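Single-structure report; data block below.
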Amino acid sequence: MNIPFHTTNAPDAIGPYSQAVMTTGNMLFVSGQIPLVPATMKIVEGGVEEQTTRALTNLMCIVEDAGFTKQNIAKVTIFIKNMDDFGVINGIYADFMGEHRPARAVVEVARLPKDVLVEIECIACK
């Protein structure tokens, strides 16, 4: 059984989807998080650094509010607008994850919702 999960500590979904879905088997599938500020639902000011930090923060708010930890994250997918930003995004991601190293894919895409520079999703399990 899949149970939609929602927290007010991360931005509301901007389309017909859930922030995350939890399974009865203790898995959490977090939808792609873009750098929206939850209180305003506006894109964080700044460039790729600020957007990456905000997207990761939104992702972790959902993970933690669902009762999971960073160490429960098994897979991360990062969608980026420009592969030239990979080094910056990768550095912020590495600092954010610390010693934890989940499986990961990084994909350059033509366009992201609201024309942001980065979108990040994950799968966590207990």
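Any value given below was found using the heavy atoms of this structure, including those in side chains, with hydrogens, waters and symmetry copies removed. Values in this document were obtained by computation on a predicted structure and should not be read as measured data.
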Which residues satisfy the side chain to side chain contact (heavy atoms under 4.5 Å, CB included) test with I123, sequence neighbours excluded? M27, F29, K75
So, using side chain to side chain contact (heavy atoms under 4.5 Å, CB included) as the criterion, who are the partners of E49 when residues are at least two apart? V88, I92
With sequence neighbours left out, which residue pairs that include part of [range] fulfil the side chain to side chain donor-acceptor pair (under 3.5 Å) condition?
{"range": "residues 52-62", "value": "R54-N58"}
{"range": "residues 16-45", "value": "none"}
{"range": "residues 87-110", "value": "N90-R104"}

Do [X] side-chain atoms and [Y] backbone N/O form a donor-acceptor pair below 3.5 Å?
{"X": "E64", "Y": "C61", "value": "no"}
{"X": "K126", "Y": "G67", "value": "yes"}
{"X": "E121", "Y": "T77", "value": "no"}

For [X] and [Y], which heavy atoms make the closest approach, and how far apart are they?
{"X": "P102", "Y": "I73", "result": "CB-O, 3.4 Å"}
{"X": "A66", "Y": "L28", "result": "CB-CD2, 3.8 Å"}
{"X": "I62", "Y": "A20", "result": "CG2-CB, 3.7 Å"}
{"X": "G47", "Y": "L117", "result": "C-CD1, 4.0 Å"}
{"X": "I78", "Y": "V76", "result": "CG1-CG1, 3.9 Å"}

Is [X] linked to [Y] within one hydrophobic cluster, defined over Ile, Leu, Val, Met, Phe, Trp and Tyr using a side-chain heavy-atom separation of less than 4.5 Å?
{"X": "L59", "Y": "M22", "answer": "yes"}
{"X": "F68", "Y": "L56", "answer": "yes"}
{"X": "M97", "Y": "V48", "answer": "yes"}

Return the set of residues passing side-chain hydrogen bond (donor to acceptor under 3.5 Å, both in side chains) with [X] (not counting sequence neighbours), or none when no residue passes.
{"X": "D12", "result": "H6"}
{"X": "D85", "result": "none"}
{"X": "D65", "result": "T7, N9"}
{"X": "D115", "result": "R111"}

Nearest 0.5 Å please: distance from the CE atom of M83 over to the CD1 atom of I89.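 It is 8.5 Å, given to the nearest 0.5 Å.
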Are the side chains of [X] and [Y] in touch, meaning some heavy atoms are under 4.5 Å apart?
{"X": "F5", "Y": "V21", "result": "no"}
{"X": "V63", "Y": "C122", "result": "yes"}
{"X": "V118", "Y": "V116", "result": "no"}
{"X": "I43", "Y": "K114", "result": "yes"}
{"X": "I80", "Y": "V107", "result": "no"}

Apply side chain to side chain contact (heavy atoms under 4.5 Å, CB included) to L112 and F79, showing your working. CA-CA 8 Å; L112 291 164; F79 303 95; 3.8 Å; yes
